[in-house]
Student: 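Quick one: this structure, given as structure tokens, is what I'll be asking you about.
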Amino acid sequence: MKNINLYLVEFAINALLRAKSKNIFILVVFTLLTSLLTAVFLITGSIKHELQSTVQALPQITVQKIKAGRHYDIDTIIADDIINIAGVSEATPRVWGYYYFENAGVNFSLLGIDQYEQQYKESLSKVVETYDFDTPNSEAQMIVGQGVQKIMQENYYKDYFNFIKPDGSFKKVTLAGVFDAQTQLESNDMILMSKENVREIFGISENRATDIVVKVPNPEEVSTIASKIKMMYPDTRVISSNDLQVSYQNIFDYKSGVFLALFTIALFTFFMIIYDKTSGLSSEEKREIGILKAIGWRVDDILKEKFYEAFIVSFLAYTLGVILAFGFVYLFQAPLLREIFVGYSQLKTSFELPFIFDLQMLFLVFFLSVPIYIAATIIPSWRAATLEVDEIIR
Amino acid sequence: MILAPEVLTLFILNGIFLLFATVAFVLSVNIFLNWDINATTPKQYSLEKQSFLAATIVKYIFMLKLPLFLFFVFTLDKISSLLTGAMCAAGVVDATEYGTYLLMLKLLNLYLFGFWLTLHYLDIKNPNLPYTKMKFEFFIIAFLFLVMEIVLEGIMFASLDIDKMVSCCGSLYSSASTSAMGDILTINTPLLLGLFYGIFVLMILFYFFRVKYLFALLNITFIIGALISLISLFGTYIYELPTHHCPFCFLQADYYYVGYVLYTALFIGTFYGIRTGIMEMLGEKSCKSYNVSLIFNTLYVLLVTLYPIVYFIKNGVWL
């Protein structure tokens, strides 16, 4: 409301410098706290962005059969019925699954594709163009992600791999190629081969598939078509990409929310520390306030000066913390902290956290840092400001 | 829903507000009951000291409530993507029966706390502290509103249900809807425009003739007139869509966050306008608030007027 008194600001800065060691301690701790908080929000923001962009590349609707509460193989005939629904442009049965490789303790994702089928993902169409999957005469071939290739080589499978089929016999598949590095997030643990081979490895019969993906060109129609499929086949689970997007948002809100809830404890502890630190005035500081009041400072002036002090410290800590967090997350890719959010798996994809600048996040961290610090200093500053002059100076 | 970081942040800050406001409330009651400026007792002396603490706390809360209100609206906007059917904050506000009241209460509290601060500045400017008793009496009432707001906010976020279908702003603010909103939207345009600009012209007249009470009164009607005309007419020009009347969508990035500018200008303009009335009531001079009020109200009027004009220049027709 009133103009900022620059002399008072100067006085506040000098007062802070006078109690250097105490204030530097507070500043360092507070900076670390805010940077930790910011880093967590930055990481979740980036991962969320990454996942949201992969969701957009996914098929609009996925249909799974549920039997006894579990995911079960679905009849491929269903795809023919689905494609007859108005608005659906493609319905493709997918054959895929996870293959557990015991020696390395990892799961590979096996995906079967057909050479002459319309591919539901662009990256797959490229692969189909480059490699030939329609070779009934020759031996079985596969294309693997970089992570898979590395694991296989470590276990001395250089040119081929022996899959164990459900009946215990082996299926030898030769390695035909490796994915590009660009698609690492989605292809690191992937193995691509023809549908027949995947069916053989997993023991899926000819007229069954793992699930059916449905392509709907008009995004407005997705939810209607999803409900139509559900009406036709009540025993299926119909997942639309919108559902996925919302649940991703929920998962990450939940993750950072849990973190924040735990972090609240740290914040309140910090609140107590600040309260305590600013309450304990040294005799020197008391004298100073006494002299200021004796030469004509009003209670309001001292309160204002104390507020400037608190604001300078907390805002500096906030700014430094945010800068530190940006460096930590985007320059060093957030070691340690990132593991909390990426989840662990042996064949974890290694990817760069994309740079996302979210203004709202900055406000969020601001509201969680500066006001709390200032709140902690209100009562101690008031105590100091209303000290009796004669009692102090005497 | 409760665990979304934004909502948690609001809760944490509300907790701090509640804690400090309660302290200030206890002090206020104490001061209100025992204040006697002519007494020289130790009690009066300590009361005077306590009044500083209470004032600092209220100042702190108000200074945070201003940006926090914008943050609150921002949060509603963000949450809207999680609720089925909601496309902007309107859906979230309408998702529970408390949303509308909460929003109104929040706005009311902003005005109340602002007036409290006005009273406070007048009070400490005068060495006799003439308004101390009055300002703490006022705070006792404001505190009740604050508690109501915090409780309501808690209830609202707790009762948000992600799986429930909510209405989108397109259906909430359509002239076909049966609520009061529908009636407002059917007011014909010339009448509405006449009212809106009429109030504004009268305001300028009263500004030059310094009719303070009427000026303040006009500011109150200006809030209502501005909001109605914004929803039913100017909004459609911001969206360039004759059927879209939502007062929240233009807070989003698609419209360059213009809503924040509009609402802030409207708030500052009318706040200072009403303030002149209060200052007049207390017999104080209020030149500055006069000017501030007029500047921001004019800014608001210019901004909303610009949208239809630019639209007309671009397209050659009115919506």
Side-chain angles (χ1 to χ4, degrees), chain A residues 1-2 37 40-41 44-45 52 223 242-243 245-261 263-264 267-268 271 298-300 302-304 306-307 310-311 358-361 363-372 374-379 381-383 385-388, chain B residues 1-13 15-17 19-20 23-24 27 45-46 48-65 67-68 70-72 74-75 77-79 81-85 114 117-118 120-121 124-125 127 162-163 165 253 257 288:
Chain A
M1 300 274 158
K2 296 268 166 61
L37 195 61
V40 167
F41 287 131
T44 47
Q52 303 278 31
S223 53
N242 288 356
D243 296 342
Q245 214 150 353
V246 169
S247 63
Y248 275 146
Q249 176 86 25
N250 271 333
I251 287 169
F252 281 100
D253 272 359
Y254 184 77
K255 274 193 175 185
S256 44
V258 168
F259 182 86
L260 188 57
F263 191 80
T264 320
L267 273 182
F268 276 96
F271 184 90
R298 286 171 308 164
V299 177
D300 244 14
I302 295 172
L303 279 176
K304 206 182 250 178
K306 290 275 172 200
F307 165 76
F311 186 78
D358 184 3
L359 202 63
Q360 197 203 2
M361 188 276 301
F363 280 111
L364 187 74
V365 177
F366 179 84
F367 282 125
L368 280 172
S369 55
V370 178
I372 289 177
I374 293 176
T377 59
I378 288 181
I379 292 179
S381 334
W382 168 73
R383 282 232 178 92
T386 51
L387 284 173
E388 296 303 329
Chain B
M1 179 57 68
I2 300 273
L3 269 179
E6 288 80 9
V7 178
L8 259 182
T9 309
L10 287 174
F11 279 170
I12 291 173
L13 285 177
I16 291 178
F17 288 168
L19 184 77
F20 277 90
V23 173
L27 295 177
Y45 199 57
S46 79
E48 271 172 40
K49 274 187 185 174
Q50 285 171 5
S51 83
F52 280 109
L53 180 59
T56 314
I57 288 172
V58 182
K59 248 193 269 182
Y60 167 80
I61 293 177
F62 179 72
M63 290 302 176
L64 273 176
K65 270 190 108 33
L68 207 59
L70 299 182
F71 184 75
F72 173 76
F74 214 115
T75 304
D77 247 350
K78 202 202 132 186
I79 287 178
S81 65
L82 295 178
L83 294 174
T84 326
L117 276 190
T118 309
H120 172 67
Y121 281 121
I124 55 169
K125 231 172 44 188
I162 309 177
D163 301 321
M165 193 84 150
Y257 301 108
K288 203 181 135 207

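Computed from a predicted structure; not experimentally measured. Note on naming: letters A, B, ... go to the chains in the order of the sequence lines (proteins, then strands), and numbering restarts at 1 for each one.
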Student: Side chains of Leu8(B) and Leu368(A): closer than 4.5 Å at any heavy-atom pair?
Tutor: no

Student: Side chain, backbone, both or neither: which part of Tyr45(B) has a non-hydrogen atom closer than 4.5 Å to chain A?
Tutor: side chain

Student: At a heavy-atom separation under 4.5 Å, does Leu68(B) approach chain A through its side chain, its backbone, both, or neither?
Tutor: both

Student: Heavy-atom distance under 4.5 Å to chain A: side chain of Phe20(B), backbone, both or neither?
Tutor: side chain

Student: Which atoms of Phe74(B) are under 4.5 Å from chain A, going by heavy atoms: the side chain, the backbone, both sets, or neither?
Tutor: both

Student: How about Phe367(A) and Phe71(B): are their ring centroids closer than 6.0 Å?
Tutor: yes

Student: Can you check salt bridge (charged side-chain N to carboxylate O under 4.0 Å, His left out) on Asp253(A) and Lys78(B), steps first, answer last?
Tutor: CA-CA 11 Å; Asp253(A) 272 359; Lys78(B) 202 202 132 186; 3.6 Å; yes

Student: Quick check on Leu364(A) against chain B: is it the side chain, the backbone, both or neither that has a heavy atom closer than 4.5 Å?
Tutor: both

Student: Just so I understand: if I count every heavy-atom pair under 4.5 Å between each of Thr44(A), Asp300(A), Asn242(A) and chain B, which residue has the most?
Tutor: Asp300(A)

Student: Could you tell me which of Phe366(A), Phe41(A), Trp382(A) has the largest number of non-hydrogen atom pairs under 4.5 Å with chain B?
Tutor: Trp382(A)

Student: Under 6.0 Å from the CZ atom of Phe363(A), do we count more than 12 heavy atoms belonging to anything else shown?
Tutor: no

Student: Hey, could you give me the CD1/CZ distance between Ile12(B) and Phe263(A), rounded to the nearest 0.5 Å?
Tutor: 9.0 Å

